A.B. asks: 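After the structure tokens below, expect a handful of questions from me.
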Amino acid sequence: MPIILEPPVYETHPFSPKHNRYCIIVVVLNEGQRLKAQLARMQPMAHLIDIIIADGHSNDGSTDHAFLISQGVHALLVTDERGLSTATRMGLSYALDAGYDGVITVDGNGKDGVEAIPAFIQALDEGYDLVQGSRFMKGGVHKNTPLERYIGVRFVIAPIMALGCSFWYTDPTNAFRAMSGRFLRDVRVQPIRQVFVRFNIHHYVIYRSAKLGFRVKEIPVVRVYPDDGSVPTKIVSWCTKALIVRELLATIIGWYNPK
């Protein structure tokens, strides 16, 4: 089976040489001060992992080059092609081309406890191929999680995913996760395909890793929504939420598996 590589068209702005075995891909689109505050918390760990911003062409000034350099960011990737999975696919393509041994992904909207980054690195060092962050497992923390989202993740998406891959992820929609280069480069996985545009790559990688018998584990993480009741997310309309469920069902029946 040939390896299919279909990254979006994107610009690369490198700020420093590659320093580490692993990189962290921060997926953003106009996250403003949320991204700036998150990068300030990540900056002390820039010597442990290369920080890469995967940007859907923000225009709010949050990805100003001088600011990113001051926060220890290794590179900025920018695409005009839309979609959360598209931006993630861009980051994964860059990481594999650069020869990283593993990749961590995280949203750039400030909700995630990036202090868990060393724990993800340790799990990759121990040979795990998919390390899923969970706010709901023992040791995890969640705060101000919207009730609708809590019910949807715990009682709809988690059991459907378990039905498809025989592994119970307690927090399957959490994009804070790590993947080994061995998993990402496996011919049976192939995550850099044009079929991944909206949300499906996030379902696919956790489904495929467990289904194929890769070493999978969850680790506790923190996810905190703002105290003012706002919900930093691109998942707003009921049509979008229905699309997520539809893509989940397509995932567990093997629709996105390499043909």
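Below, all heavy atoms of this structure are taken into account, side chains as well, without hydrogens, waters or symmetry copies. Just so you know, these numbers come straight off a predicted model, no measurement behind them.
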A.B. asks: Decide whether His57 and Asp80 meet the rule of one side-chain donor and one side-chain acceptor closer than 3.5 Å.
C.D. replies: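 Judged by distance alone, the side chains do pair up.
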A.B. asks: OH/Tyr100 to SG/Cys23 distance, rounded to the nearest 0.5 angstrom?
C.D. replies: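 Here the rounded value is 5.5 Å.
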A.B. asks: Any donor-acceptor pair under 3.5 Å linking the side-chain atoms of Thr170 with those of Glu218?
C.D. replies: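 On atom types as modelled, these side chains qualify, holding a pair under 3.5 Å.
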A.B. asks: Is a side-chain N or O of Thr105 found less than 3.5 angstrom from the main chain of Ala175, in a donor-acceptor match?
C.D. replies: yes
A.B. asks: Quick one: do Val245 and Phe196 end up in the same hydrophobic cluster if we chain Ile, Leu, Val, Met, Phe, Trp and Tyr together by side-chain heavy atoms under 4.5 Å apart?
C.D. replies: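 Val245 clusters together with Phe196.
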A.B. asks: Could you list the residues that satisfy salt bridge (charged side-chain N to carboxylate O under 4.0 Å, His left out) with Asp60, not counting sequence neighbours?
C.D. replies: none
A.B. asks: For residues 90-99, tabulate all N or O donor-acceptor pairs below 3.5 Å that involve a side-chain atom, not counting sequence neighbours.
C.D. replies:
from	atom 1	to	atom 2	distance (Å)
Tyr94	OH	His74	NE2	3.1

A.B. asks: Test of understanding: with ring pair (Phe, Tyr, Trp, His ring centres under 6.0 Å), list the residues that count as partners of Tyr128, not counting sequence neighbours.
C.D. replies: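 Result, ring pair (Phe, Tyr, Trp, His ring centres under 6.0 Å) vs Tyr128: none returned.
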A.B. asks: Quick check on side-chain contact (heavy atoms from CB on, under 4.5 Å): which of Asn174, Val106, Ile117 does Val221 satisfy it with?
C.D. replies: Asn174
A.B. asks: For a quick test of reading the model, state the closest non-hydrogen atom pair linking Phe120 to Ala178 and the distance between them.
C.D. replies: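 Closest approach of Phe120 to Ala178, heavy atoms only: CD2-CB, 3.7 Å.
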A.B. asks: Looking at side-chain heavy atoms only, is the closest gap between Arg223 and Asp107 below 4.5 Å?
C.D. replies: yes
A.B. asks: Test side chain to side chain contact (heavy atoms under 4.5 Å, CB included) on Val131 and Val216 and set out the steps.
C.D. replies: CA-CA 6 Å; Val131 188; Val216 174; over 6 Å; no
A.B. asks: Tell me which donor-acceptor pairs under 3.5 Å the side chains of residues 250-259 have, and how far apart each pair is, sequence neighbours excluded?
C.D. replies:
from	atom 1	to	atom 2	distance (Å)
Thr251	OG1	Glu247	O	2.7
Lys259	NZ	Trp255	O	2.6
Lys259	NZ	Asn257	O	3.1

A.B. asks: Would you kindly confirm whether Phe15 and Val26 end up in one hydrophobic cluster when ILVMFWY residues are joined by side chain heavy atoms under 4.5 Å apart?
C.D. replies: yes
A.B. asks: Between Thr79 (side chain) and Gly56 (backbone), is there a donor-acceptor pair under 3.5 Å?
C.D. replies: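 Between the backbone of Gly56 and the side chain of Thr79 there is no qualifying donor-acceptor contact (under 3.5 Å).
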A.B. asks: Side chains of Ile24 and Met42, heavy atoms from C-beta outward: is any pair under 4.5 Å?
C.D. replies: yes
A.B. asks: Any side-chain heavy atom of Asp227 within less than 4.5 Å of one from Lys143?
C.D. replies: yes
A.B. asks: So how far is it from Gln43 CD to Leu68 CG, rounded to the nearest 0.5 Å?
C.D. replies: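 One gets 12.0 Å once the value is rounded to the nearest 0.5 Å.
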A.B. asks: If I compare all heavy atoms of Arg41 with all of Met45, which pair ends up nearest, and what's the gap?
C.D. replies: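 In this case the closest contact between Arg41 and Met45 is O-CE, 3.6 Å.
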A.B. asks: Please report the C-alpha distance between Arg215 and Glu126 in whole Å, then the side-chain angles of each, then the deciding distance to 0.1 Å, and finally whether the salt bridge (charged side-chain N to carboxylate O under 4.0 Å, His left out) criterion is met.
C.D. replies: CA-CA 10 Å; Arg215 293 190 69 194; Glu126 292 171 353; over 6 Å; no
A.B. asks: Restricting to non-hydrogen atoms, name the atom on His47 and the atom on Asn20 that form the minimum distance, rounded to 0.1 Å.
C.D. replies: O-OD1, 3.0 Å
A.B. asks: Shortest non-hydrogen contact from Ser209 to Leu130?
C.D. replies: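 So the two residues come closest at OG-CG, 3.2 Å.
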A.B. asks: Quick check on the 6.0 Å ring-centre criterion: do His142 and Tyr225 meet it?
C.D. replies: no
A.B. asks: Any ion pair linking Glu148 and Lys241 (charged N to carboxylate O, less than 4.0 Å)?
C.D. replies: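 Answer for the salt bridge query: yes.
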A.B. asks: Quick one: pull up CZ in Arg82 and CG in Leu84 and give me the separation to the nearest 0.5 Å.
C.D. replies: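 Between Arg82 CZ and Leu84 CG, I get 12.5 Å after rounding to 0.5 Å.
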A.B. asks: NZ of Lys18: more than 12 outside heavy atoms within 6.0 angstrom?
C.D. replies: yes
A.B. asks: Is the shortest heavy-atom distance from the side chain of Leu77 to the side chain of Ile53 under 4.5 Å?
C.D. replies: no
A.B. asks: Heavy-atom count around Arg246 CZ within 6.0 Å, excluding the residue itself: above 12?
C.D. replies: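 No - once you tally the heavy atoms of other residues, nucleotides and ligands closer than 6.0 Å, there are 12 at most.
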A.B. asks: Answer yes or no: is there a side-chain heavy-atom contact under 4.5 Å between Asp101 and Ser180?
C.D. replies: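 In short, these two side chains do not touch, never coming nearer than 4.5 Å.
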A.B. asks: Output, in order, the C-alpha distance, side-chain angles, deciding distance and verdict of side chain to side chain contact (heavy atoms under 4.5 Å, CB included) for Ile104 and Ile121.
C.D. replies: CA-CA 8 Å; Ile104 301 172; Ile121 293 173; 4.2 Å; yes
A.B. asks: Just verifying a value: how many Å separate Ile219 CD1 and Gln132 CD, rounded to the nearest 0.5 Å?
C.D. replies: 9.5 Å
A.B. asks: Any side-chain to backbone donor/acceptor pair from Arg182 onto Gly127? Under 3.5 Å, distance only.
C.D. replies: yes
A.B. asks: Please report the closest heavy-atom contact between Ser58 and Asp55, naming both atoms and the distance.
C.D. replies: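 The answer is OG-OD1, 2.6 Å.
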A.B. asks: Is any side-chain heavy atom of Leu248 less than 4.5 Å from a side-chain heavy atom of Val156?
C.D. replies: no
A.B. asks: When clusters are formed by joining ILVMFWY residues with side-chain heavy atoms under 4.5 Å apart, either directly or through shared neighbours, do Val195 and Val187 land in the same one?
C.D. replies: yes
A.B. asks: Is any side-chain heavy atom of Phe183 closer than 4.5 Å to a side-chain heavy atom of Val189?
C.D. replies: yes
A.B. asks: If you take all heavy atoms of Ala87 and Val27, which pair is closest and at what distance?
C.D. replies: CB-CG1, 3.8 Å
A.B. asks: Test side chain to side chain contact (heavy atoms under 4.5 Å, CB included) on His19 and Ile49 and set out the steps.
C.D. replies: CA-CA 8 Å; His19 291 300; Ile49 192 164; over 6 Å; no
A.B. asks: Can Arg135 and Asp171 be counted as an ion pair, charged N to O under 4.0 angstrom?
C.D. replies: yes
A.B. asks: To the nearest 0.5 angstrom, please state how far the CZ atom of Arg177 sits from the OH atom of Tyr169.
C.D. replies: 8.5 Å
A.B. asks: Are Ile3 and Tyr204 co-members of a hydrophobic cluster defined by side-chain heavy atoms under 4.5 Å apart?
C.D. replies: yes
A.B. asks: Using a 4.5 Å cut-off on heavy atoms from C-beta on, say whether the side chain of His202 contacts that of Ile206.
C.D. replies: no
A.B. asks: Would you compute the distance between atom CD of Gln71 and atom CD of Gln38 and round it to the nearest 0.5 angstrom?
C.D. replies: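 Spacing of CD (Gln71) from CD (Gln38) equals 11.5 Å.
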A.B. asks: Glu6: what forms a side-chain contact (heavy atoms from CB on, under 4.5 Å) with it, not counting sequence neighbours?
C.D. replies: Ile4, Arg193, Gln194
A.B. asks: Can you name the side-chain hydrogen bond (donor to acceptor under 3.5 Å, both in side chains) partners of Tyr22, sequence neighbours left out?
C.D. replies: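 Applying side-chain hydrogen bond (donor to acceptor under 3.5 Å, both in side chains) to Tyr22 gives Asp125.
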